[in-house]
Amino acid sequence: MSTFADALRKGLKADDEREEARRQLEEVLGKAATELSSVLGVQLTLTVERVTRYTPREPGDFAVVFTSPRYVTALVARGKHAQTELADVDLPDLVFPITVRWDDKSALALDVEGFSGALMNVLESPMTGEKMKTLVRNETSLAAEKKEAAKSPK
Amino acid sequence: VAGAVITFAWWNTGLAPPSLEISRKDEHRTAAAAVVSKLVDAEGCSLIALAEVRRERVVDWIASGHGSWELVSDTSGQRHDFDVALLIDTSRLRLEEHAWVEGYYSSQRVRAGLVVRLSTAHGPLLVAAAHWRSDASNAKDADARRQTAAQALLGEISRQTSLLGPEVPILLMGDLNVEPYELHGVASARSRDIVRAHKPKSATDLLWYNASWRFLGERTPMADRYTATLAGTYRGNTNVPTAWRTFDHVLVSPTLLGRPGHSGWLLREEALGVWVDDDVYDAARSRPRSPFDHLPIRGRLEWVTDESEASR
């Protein structure tokens with residue numbers, strides 16, 4: 001017969017596994033970010049985080065100019081000054097299975113190896129290429145603007 | 001979009017294998033195009049899902065003057081791109097959204113299928129088309145891949161139902177490369193009553209009605225001698241009566257079985273079956289006509305408003 005102690009041991013083990021899955025996920029994102037930074041010549045990070053999206057209300061809505069916020073989890077590439085969202089992510093509490101959605105694609109990854117494969121596929125997309133080029137342009141121009149602003153007298 | 005009937009078809013054309021010689025492929029393509037044209041002209045199909053049509057412009061197979069068609073196919077150009085495609089008659093159906101769904105089995109990419117959201121004259125319809133790995137090279141690995149594909153495909157369908165509501169009708173067609181009794185990872189039943197009675201415990205708890213069990217039936221006693229037979233949807237090169245396999249499936253969500261007192265899209269099961277037209281089936285030899293190895297499945301959804309009709 002199971003005891004409360006057994007139940008707690010299961011909970012502790014599940015939390016350890018979740019922590020390990022998170023660590024593995026961050027390791028993959030960190031490795032990918034290092035490689036991307038080297039290709040683009042701009043220091044980047046890759047994170048899975050909650051972001052706010054503003055969706056236009058229904059057509060014909062009186063307040064169509066306004067948008068209602070909604071929160072989604074996304075794969076975000078971030079420089080020092082600019083950032084871009086590369087994919088939507090369904091990240092369950094236990095980390096895996098994780099679902100990544102980008103362009104017209106959806107990928108289910110059962111483990112960290114699968115997530116690496118899905119991430120490769122996201123990066124191969126022409127849409128991602130376009131987003132990354134824009135990110136680098138914005139990053140470079142914002143950095144220049146900031147530098148200019150720092151030089152100009154107060 | 002207009003219409004109270006959607007005639008649909010699923011067919012694995014067998015055209016994709018890269019091993020096929022160019023001249024044989026041209027011949028095969030011409031024959032496949034004739035079958036698809038006939039599904040449009042003679043059967044009035046407005047939704048045709050095809051497999052093994054990688055990088056084929058199948059929309060060009062339909063003769064001009066036979067409506068306006070939209071093609072959903074994988075144009076990514078990736079080495080392992082999807083080989084399924086969907087032809088949509090835009091006078092009856094409107095494509096709203098599509099997703100190519102994949103899963104990862106270890107580090108191996110598994111193509112799960114295509115999920116599309118269509119607008120009909122009577123609201124949304126979800127359609128999924130899939131072609132899963134066969135047992136041909138590594139049966140154990142293939143089963144794991146198919147289960148990963150099932151999980152990924154159902155995940156995307158579940159995402160759509162969470163947006164559209166649990167009552168949205170769903171039609172899943174595919175060459176799943178397993179017989180209905182071997183299907184793992186997709187909860188399904190051959191009994192309409194069991195499917196209707198199922199009470200979902202969560203948004204992902206979907207019990208499908210698998211209409212393909214009916215295609216298994218063999219009415220001729222099997223023996224080692226040649227027997228006239230049609231007991232499935234696929235027949236490879238082996239010349240024994242037991243060569244038939246039912247790899248091609250049509251599964252529907254409970255909503256498509258009708259609900260008393262509700263209007264809705266209904267699967268007209270009496271109009272669903274293996275399509276044994278002369279162009280694709282060689283009756284004299286009881287097998288798909290060369291160069292094909294699969295037979296199409298043709299079926300019909302009908303919009304019903306009458307309570308007694310809806311409860312059929």
Side-chain angles (χ1 to χ4, degrees), chain A residues 21 24-25 27-29 31-32 35 48 53 55-59 68 70-75 85-131, chain B residues 70-82 84-86 95-117 126 128-130 132 141 144-163 185-186 202-204:
Chain A
Q24 289 177 346
L25 191 71
E27 194 177 294
V28 168
L29 291 170
K31 186 171 180 288
E35 291 184 23
V48 173
R53 290 262 168 84
T55 317
R57 288 185 181 170
E58 292 299 309
S68 37
R70 103 191 136 91
Y71 303 99
V72 295
T73 305
L75 172 65
E85 289 166 25
L86 303 178
D88 284 3
V89 178
D90 283 348
L91 184 70
D93 195 37
L94 294 173
V95 183
F96 294 108
I98 187 168
T99 303
V100 184
R101 279 191 303 279
W102 72 105
D103 305 349
D104 61 353
K105 299 251 170 37
S106 168
L108 175 85
L110 301 179
D111 53 23
V112 73
E113 282 184 332
F115 178 71
S116 293
L119 182 55
M120 292 264 199
N121 235 340
V122 173
L123 296 171
E124 279 177 12
S125 151
M127 293 283 277
T128 301
E130 188 184 333
K131 284 178 182 175
Chain B
E70 182 162 6
L71 170 65
V72 186
S73 64
D74 185 353
T75 54
S76 68
Q78 282 185 318
R79 189 161 158 259
H80 296 292
D81 47 2
F82 287 81
V84 291
L86 195 65
L95 175 68
E96 299 292 350
E97 191 182 318
H98 75 274
W100 295 101
V101 184
E102 55 193 36
Y104 283 85
Y105 163 64
S106 300
S107 55
Q108 301 295 313
R109 180 169 165 261
V110 175
R111 285 161 295 186
L114 171 67
V115 176
V116 302
R117 178 158 58 86
L126 285 183
W132 293 348
D141 180 67
R145 282 168 182 264
R146 283 192 295 265
Q147 290 196 53
T148 304
Q151 195 178 346
L153 197 70
L154 296 182
E156 177 59 22
I157 288 171
S158 156
R159 187 181 78 88
Q160 288 286 346
T161 56
S162 68
L163 298 170
V186 182
S202 67
T204 55

Separation between CG of A/Asp104 and CG of B/Asp74, rounded to the nearest 0.5 Å:
7.5 Å

Heavy-atom distance under 4.5 Å to chain B: side chain of A/Pro97, backbone, both or neither?
side chain

Is there a side-chain contact between A/Asn121 and B/Glu102, using heavy atoms and a 4.5 Å cut-off?
yes

Could you give the distance from OG (A/Ser106) to CG (B/Leu114), rounded to the nearest 0.5 Å?
11.5 Å

With only heavy atoms counted, which part of B/Gln151 is less than 4.5 Å from chain A, the side chain, the backbone, both or neither?
both

Using non-hydrogen atoms only, which part of B/Ser76 is less than 4.5 Å away from chain A: side chain, backbone, both, or neither?
side chain

Ignoring hydrogens, what is the shortest heavy-atom contact between A/Ala118 and B/Tyr104? Give both atom names and the distance.
N-CZ, 3.5 Å

More than 12 non-hydrogen atoms from neighbouring residues, nucleotides or ligands closer than 6.0 Å to CD on A/Glu130, yes or no?
no

Let's test your reading of the structure: which of A/Gly114, A/Ala109, A/Ser125 forms the most heavy-atom pairs below 4.5 Å with chain B?
A/Gly114

